[in-house]
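Taking it in order: structure first as structure tokens, then the write-up.
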Amino acid sequence: MLVQVALPVPLYRVFDYRLPAATQATPTAEPSALPAIGSRVEVPFGRQTLIGIVVAHIAAADSSVPLNKLKSIYRCLDDEPILNAAMLKLAYWLARYYHYPLGDVFGVILPTLVRQGKPLDLLITHWRILPNITDDDFHPNAKKQKQQFDMLKLHGERGASEDVLLLEGMQRPFLKTLEEKGLIERYIEPKQASTPVKLAKLPLDLNDEQQQAVSTIIAAHKASRYTGFLLNGITGSGKTEVYLQVMQAVLEAGKQVLILVPEIGLTPQTRARFASRFAADIVLLHSGMNNTHRLQGWQDCRTGHAQIIIGTRSAVLYPFADLGLIVVDEAHDGSYKQQDTLRYHAADVALYRGVQYNIPVILGTATPSLEHLKLVDDGKLIECQLSTRPGNAKPAPMQLIDARLQSTHQQTTDDGARYDTGLTDAMIGAIRQTLEAGDQVLVFLNRRGYAPVLLCEACGWQADCPRCDAHLTVHYSRQNSSNAYLKCHHCDWQAYIPAVCPDCGSQNLDAKGIGTTRLSENLHAIFANPQTSKELYPIIQIDRDTTRRKDSWENIYQRINQGDPAILVGTQMVAKGHHFPNVTLVCLPNADRGFLSADFRSPEHTAQLMIQVAGRAGRGDKAGRVLIQTLQPDNALLLKLVKDGYLSFARDLLQERKMMGLPPHTHAALIRCEGKTLAATMQALKDAIAILPSNHNLAVLGPIDAPMSKKNSRYHAQLLLIAKERGQLHQVLNHWWQPVLALPSAKYLKLTLDIDPVGW
Ligand code: ADP
Ligand code: ZN
Ligand code: ZN
């Protein structure tokens with residue numbers, strides 16, 4: 001017998017190995033001495049030693065390599081398979097669908113420590129409160145300690161893993177102090193069978209539409225039948241309550257639930273939403289985990305210890321002991337598509353896994369992607385609609401402000417210079433009114449930093465990144481003007497702001513345009529006390545620059561949730577599922593720019609973003625409203641969105657795509673080529689076209705230079721293949737992609753293939 005092993009090398013094949021000499025030599029050796037399919041083996045590969053996954057047992061006669069040329073495996077790392085048949089099937093499917101080498105697929109699926117051959121049962125620290133410790137054991141002055149203690153107390157007798165506690169905002173030094181004081185202890189959690197899930201809180205009474213959705217989905221669960229659902233519910237319509245009540249049925253049946261959330265949404269609040277309803281073993285899987293925690297999470301899913309699994313994109317690739325439901329929250333979100341290596345879409349993989357396990361999959365969103373609407377039309381997803389908000393909450397009406405009629409408000413600095421705030425008086429008036437009524441305002445601007453361009457007024461020079469086709473963003477603040485610099489948001493290149501124009505020597509350099517920092521400062525100037533210029537209302541900036549630190553989201557949340565009047569200034573980070581009950585006004589000073597972009601997907605994505613941001617208004621008891629300031633109030637797309645709403649807008653776009661033969665009515669593969677010169681990348685793609693089969697039947701667009709063709713000093717060209725039928729596309733790729741990789745002109749270039757790309 002031989003074993004076939006998938007190895008982490010970028011080759012589209014598996015490798016045959018003989019068994020270790022000891023096993024081979026004894027003719028009586030039990031067949032069970034064969035390393036199991038799905039287990040890890042260590043093997044020689046050239047001069048290296050690699051760890052691979054056994055994918056098949058074959059007879060020596062079936063190998064294409066003569067027996068005396070075959071090497072033996074060094075050793076087996078597992079007595080039992082670490083990947084079961086379903087996981088192997090998933091890996092094969094991913095390799096086939098995304099045309100990615102099987103060994104590399106395992107590289108993506110397996111946690112680092114597993115890839116490195118570590119034993120699966122590594123240990124992780126948990127913390128719990130010692131018995132008989134009460135609040136009285138705290139000195140009244142030890143407020144911070146008490147506060148940290150209370151956070152741990154929320155987890156009950158069993159406490160929680162250090163990883164979860166740190167994520168929730170506990171600080172390691174305090175854990176140590178509390179331990180030294182004999183109040184809490186650390187322990188390694190013994191792996192016991194999970195206790196049945198209990199309700200921690202009673203479910204809400206559902207409205208009719210929610211009830212309808214819950215019953216339909218539970219019926220699929222009861223019948224153990226794969227069904228994909230599009231839970232199409234406007235923002236604030238109570239999609240979470242639908243998830244929770246379906247989850248209850250699934251958890252009570254003893255099955256696991258996987259909840260996928262967008263990258264940014266994974267704050268402690270996400271966990272709290274589910275922990276406050278269910279007393280269950282909840283596992284969080286996210287990119288901030290270290291390798292040990294990731295392995296622990298992987299094990300908890302695989303052994304069934306984890307009952308509720310909340311994770312970002314890659315959680316969809318985890319092994320599950322007994323999965324009963326997958327929820328993809330905010331299913332339209334761009335972060336579900338992996339943009340490098342194995343370019344999978346987590347929602348598509350979720351549907352595949354639903355089929356694998358015969359379970360329901362819920363794609364929940366207020367702004368379904370056109371792909372998902374098309375699946376509804378094709379009868380592949382069942383649509384459940386939630387068209388109202390529960391209770392008194394009404395969706396906030398959207399209103400346009402014509403920025404051509406009203407000039408934007410001018411403000412004067414201390415030394416008398418006038419500058420433009422980028423906000424019309426109408427918008428400023430509405431903000432003032434809202435704050436004076438005691439409510440909060442959210443101003444959305446999808447651009448961080450101070451200004452997107454530094455321009456020489458004398459000669460037109462602009463500060464560009466030397467490594468990318470992009471302007472450098474100005475980072476600066478009036479309060480701390482010494483800390484000014486230029487930064488590329490694509491490659492992180494940084495430079496000082498020049499004193500004079502490098503081209504003409506003029507001192508007349510000006511920061512053009514507006515980013516969140518500048519907008520925050522402008523708002524500060526407008527709304528400060530005119531006498532003292534002190535802040536009357538806090539202005540809370542929410543973007544990647546202000547939330548970089550681990551606990552910063554937590555602090556921002558706390559400030560917002562105190563509920564006092566405040567202005568929140570945020571980038572797309574604020575669009576994702578957050579609940580700010582006191583926000584009654586949402587302002588979009590220039591969110592509609594995306595309707596002008598060349599990318600055909602831009603209107604869809606712009607509209608989704610606008611609707612998601614608008615959905616932050618009026619989620620509490622008070623009504624909300626949304627103001628959109630625009631220089632193109634006649635734009636047909638914008639008018640359609642504002643007047644008829646997202647669904648009607650999206651239906652029109654879908655129709656348009658059909659007429660133009662674009663996805664999702666057709667199927668696309670994007671080939672990107674990256675290299676040191678544009679000419680070389682273009683040549684490789686031309687050579688690739690030349691070896692397409694003559695009868696290929698695909699539309700071939702390109703090669704052209706990619707939208708940002710120079711990035712990080714590398715050049716990018718691209719080629720798009722479009723097919724009417726998915727099968728045609730894969731058929732061509734099956735025979736063409738590997739020869740393309742082997743083209744002589746592609747030798748020093750990086751060629752990648754993106755199936756179902758989300759942008760080009
Ligand atoms: P979505 O995810 O659809 O944007 P949420 O699930 O956050 O909306 O729900 C919005 C608010 O409505 C939440 O405060 C939630 O508790 C509340 N809610 C949901 N369903 C009901 C219901 N049936 N009765 C009363 N309140 C509800
Ligand atoms: Zn100049
Ligand atoms: Zn750059």
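Just follow the structure's listing: the first ligand is 1, and inside any ligand the first atom is 1. The first residue in the sequence is number 1, and the count goes up from there.
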Seminar exercise, completed: Heavy-atom proximity to atom 19 (C) of ligand 1, picking from P581, P390, G615, points to P390
For this session: Would you tell me whether Y336 and E330 have side-chain atoms, one donor and one acceptor, within less than 3.5 Å of each other?
Result: no
Exercise. Is there a nitrogen or oxygen of S237 sitting under 3.5 Å from a nitrogen or oxygen of ligand 1?
Worked result: yes
Exercise. Measuring from I310:CD1 to I259:CD1, what's the distance to the nearest 0.5 Å?
Worked result: 5.0 Å
Problem set entry | Residue and atom, protein N/O/S, under 2.8 Å of the Zn ion (ligand 3) | C465 SG, C468 SG, C488 SG, C491 SG
Exercise. Any chance the side chains of S506 and E457 put a donor and an acceptor closer than 3.5 Å?
Worked result: no
Exercise. N/O to N/O below 3.5 Å, does that happen between L204 and ligand 1?
Worked result: no
Cut-off 3.5 Å, no hydrogens considered: what does the side-chain donor-acceptor table look like for residues 558-565, sequence neighbours left out?
none

Exercise. By number and element, which atoms of ligand 1 are closer than 4.0 Å to a non-hydrogen atom of T235?
Worked result: 4 (O)
For this session: Measure the acute angle between the ring planes of Y485 and H475, then classify it against the limits of 30° and 60° as parallel, tilted or perpendicular.
Result: parallel
Exercise. Under 6.0 Å from the NZ atom of K640, do we count more than 12 heavy atoms belonging to anything else shown?
Worked result: yes
Problem set entry | Distance filter under 4.0 Å to L206 heavy atoms, resulting ligand 1 atoms | 23 (N)
Exercise. D205 heavy atoms, cut-off 4.0 Å: which ligand 1 atoms fall inside?
Worked result: 22 (C), 23 (N), 24 (N)
Problem set entry | Closest candidate by heavy atom, reference atom 13 (C) of ligand 1, pool R389, H579, Q211 | H579
Problem set entry | Shell of protein N/O/S atoms around the Zn ion (ligand 2), taken as anything under 2.8 Å | C456 SG, C459 SG, C501 SG, C504 SG
For this session: Please determine if R651 and D377 form a salt bridge, counting it only when a charged side-chain N lies under 4.0 Å from a carboxylate O.
Result: yes
Problem set entry | Those residues that, when tested against T752, pass side-chain contact (heavy atoms from CB on, under 4.5 Å) (two or more places apart) | R343, R672, K750
Problem set entry | Any G233 heavy atom less than 4.0 Å to ligand 1 | no
Exercise. Roughly how far apart are Q307 CD and K255 NZ, rounded to 0.5 Å?
Worked result: 13.5 Å
For this session: Run the numbers for me: atoms of ligand 1, each under 4.0 Å from some heavy atom of G238, listed by number.
Result: 1 (P), 3 (O), 5 (P), 6 (O), 8 (O), 9 (O), 19 (C)
